[in-house]
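So the structure is just underneath, and the comments pick up after that.
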Amino acid sequence: MSPFAQQMVQMQRMAVWNHSKSKHMDANLWSNLPEDLVDRVLACLSLPTFYRFRTVCKRWNSLITSPSFLQCWSEMATGCPWLLMIKRRDNRLCPAYDSFLSKWHAVSLNFLPLQATEVVATCEGLLCLRAEVSGSLYVCNPLTKRWRELPSMLKNQARGIVGMTVNKATKCYKIIVAGSNSDLYDRKTEVYDSATNTWKRSGDLPARTDLRPEYAVCLGSMYFTTSEPFSLLAFNIAEDVWRKVEVPMPCSLTCSRLLVSQGILVLVGGVGKNGISKSFCIWKLEKETMEWQECERMPDYLCRKFLAMCYHNYEHISCIGHMDLICLASFSWPETLVYDASLKSWHWLPRCPLTPLQSGGFSWLSFQPRLDAGV
């Protein structure tokens, strides 16, 4: 985060702290401010506050379509992601935890076609969704409520593993669809490029590759792990080719999840015997030695509770990199366990008031809210 953006964060925090003290504002002062200066002030607001302020007048309401305001907002954006909770078969309203304000928000997807039911990827303010029956893909920005249906793939890969990446300089994005989560012999990979609005066939997956759906983008490649026997694969985004990363996986691994934290490739997984996890560990990949180095182990009392939440079904476990946080959650329980890498501490997130405690069927994503993300 730039020094200017850090200053903006401090200003937002002070604004929240002083809100209850300042009941009145000088109308004469604010009514005479130049519009470009007003835009800069509005761009400093937190997103929930900005959306409330849009009701003030027509001009403020139209700012999310103003190129000059979006450029200003892009320069001042603080880059604090939200943790998005998606309920299976009921994703029209997604709770999102804002770690900056320590609050839950409701993100509506009601503007999308009904067939767009499965959120499969997210990157830089965009969500990619799939139609469960046809396999069609959609991309949307839930803040601006803009969306589009992508052209048909060269081959319908309705159950392919989906990844997404955005070029921050050009704002163009790529969608990668690889193989199938039900057919080990399906090695085809297709890449959609928003710059050309076309799909193309890229290099095939290695033979008999069972990709995990989670992925991590780091240093120009999209990384995936495989199911047992565990291994690490990388898809070069610029060259559209796969390679197997020659790195030995940790011993006694029972399940694995991949993410990026603080710009480093991180592996989170269970360790045990005979497929039963006794503990959960966090490893980071050392670039010089190309080895996984253990950097944290979940305390026993937390591990017992977390494994009980997912009923030892490791397919139910989600793991998300979220700024300095590593979030672990279960498909069957609406609570999230968090490891703070900067403080080296564990804690539970506040429970979501929008979701009943005795409910299940959740998936989780780290969502970077951006007004300037175009579809």
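Everything numeric in this text was worked out from a predicted model, so none of it was measured. Hydrogens, waters and symmetry mates play no part in the numbers below; they use all other heavy atoms, side chains included.
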Main-chain N/O of [Y] paired with [X] side-chain donor or acceptor, under 3.5 Å:
X	Y	result
Thr225	Leu211	no
Glu132	Gln115	no
Trp147	Val375	no
Arg201	Val191	no
Thr336	Leu328	no
Glu296	Lys344	no
Tyr51	Leu143	yes
Thr226	Pro229	yes
Ser134	Ser136	yes

Student check: side-chain heavy atoms of [X] and [Y] closer than 4.5 Å:
X	Y	result
Thr189	Ile176	yes
Cys128	Val119	no
Leu129	Cys140	yes
Arg370	Gln368	yes
Val241	Ser202	no
Ile86	Leu365	yes
Thr198	Pro151	no
Lys284	Glu286	yes

Intermediate values then yes/no, side-chain contact (heavy atoms from CB on, under 4.5 Å), Trp104 and Asp98: CA-CA 6 Å; Trp104 286 92; Asp98 183 340; over 6 Å; no

Residues that, via side-chain heavy atoms closer than 4.5 angstrom, fall in one hydrophobic cluster with Leu343: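 Traced through the cluster, Leu343 reaches no other member.
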
Remaining members of the apolar cluster that contains Ile264, side-chain heavy atoms under 4.5 Å: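 Ile264 shares its hydrophobic cluster with no other residue.
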
Identify whether [X] and [Y] are in the same connected component of the hydrophobic contact network (ILVMFWY, side-chain heavy atoms under 4.5 Å).
X	Y	result
Val260	Ile237	no
Met249	Leu233	no
Tyr339	Leu285	no
Met153	Val120	yes
Val177	Val166	yes

To the closest 0.5 Å, what do you measure between [atom1] ([X]) and [atom2] ([Y])?
X	Y	atom1	atom2	result
Leu259	Ile320	CG	CD1	8.5 Å
Leu258	Tyr223	CG	OH	9.5 Å
Met164	Leu137	CE	CG	10.0 Å
Asn197	Leu150	CG	CG	7.5 Å
Cys303	Lys305	SG	NZ	13.0 Å
Ser102	Tyr97	OG	OH	4.0 Å

At their closest point, which heavy atom of [X] faces which heavy atom of [Y], and how far apart are they?
X	Y	result
Met290	Val245	CE-CG1, 3.6 Å
Glu124	Ala373	O-CB, 3.3 Å
Leu70	Ile64	CD1-O, 3.5 Å
Gly160	Arg130	O-NH1, 2.8 Å
Leu37	Leu33	CD2-CD2, 3.7 Å
Trp364	Ser330	NE1-O, 3.6 Å

Sidechain N-carboxylate O distance under 4.0 Å for Asp193, Lys200: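 Salt bridge between Asp193 and Lys200, a charged N being under 4.0 Å from a carboxylate O: no.
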
Sequence neighbours excluded - salt bridge (Lys or Arg N to Asp or Glu O under 4.0 Å) pairs with any residue from [range]:
range	value
residues 248-258	Glu214-Arg257
residues 138-152	none
residues 307-318	Arg212-Glu315
residues 49-68	Glu35-Arg59, Asp39-Arg59

Trace of the side chain to side chain donor-acceptor pair (under 3.5 Å) decision for Ser62 with Thr65: CA-CA 6 Å; Ser62 65; Thr65 60; 5.2 Å; no

Residue pair Asp372, Ser74: steps toward the side chain to side chain donor-acceptor pair (under 3.5 Å) verdict: CA-CA 7 Å; Asp372 58 340; Ser74 177; 3.2 Å; yes

Counterpart residues, ring-ring contact (aromatic ring centres under 6.0 Å, His included), relative to [X] (two or more places apart):
X	value
Tyr192	Trp199
Tyr314	none
Phe50	Phe69
Trp348	none

Stepwise side-chain contact (heavy atoms from CB on, under 4.5 Å) test for Ser256 and Leu267: CA-CA 7 Å; Ser256 65; Leu267 181 70; 3.8 Å; yes

Ring pair (Phe, Tyr, Trp, His ring centres under 6.0 Å) partners of residues 275-307, not counting sequence neighbours, each pair once: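 Non-adjacent pairs meeting ring pair (Phe, Tyr, Trp, His ring centres under 6.0 Å): Phe280-Phe306.
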
Ring pair (Phe, Tyr, Trp, His ring centres under 6.0 Å) partners of residues 232-274, not counting sequence neighbours, each pair once: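 Passing the test, one end in residues 232-274: Phe224-Trp242, Phe235-Trp242.
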
Audit row: Lys278, Lys273, side-chain contact (heavy atoms from CB on, under 4.5 Å) steps and yes/no: CA-CA 8 Å; Lys278 298 297 183 183; Lys273 293 181 179 180; over 6 Å; no

Worked verdict on Val266 versus Val268 for side-chain contact (heavy atoms from CB on, under 4.5 Å): CA-CA 7 Å; Val266 172; Val268 180; 4.1 Å; yes

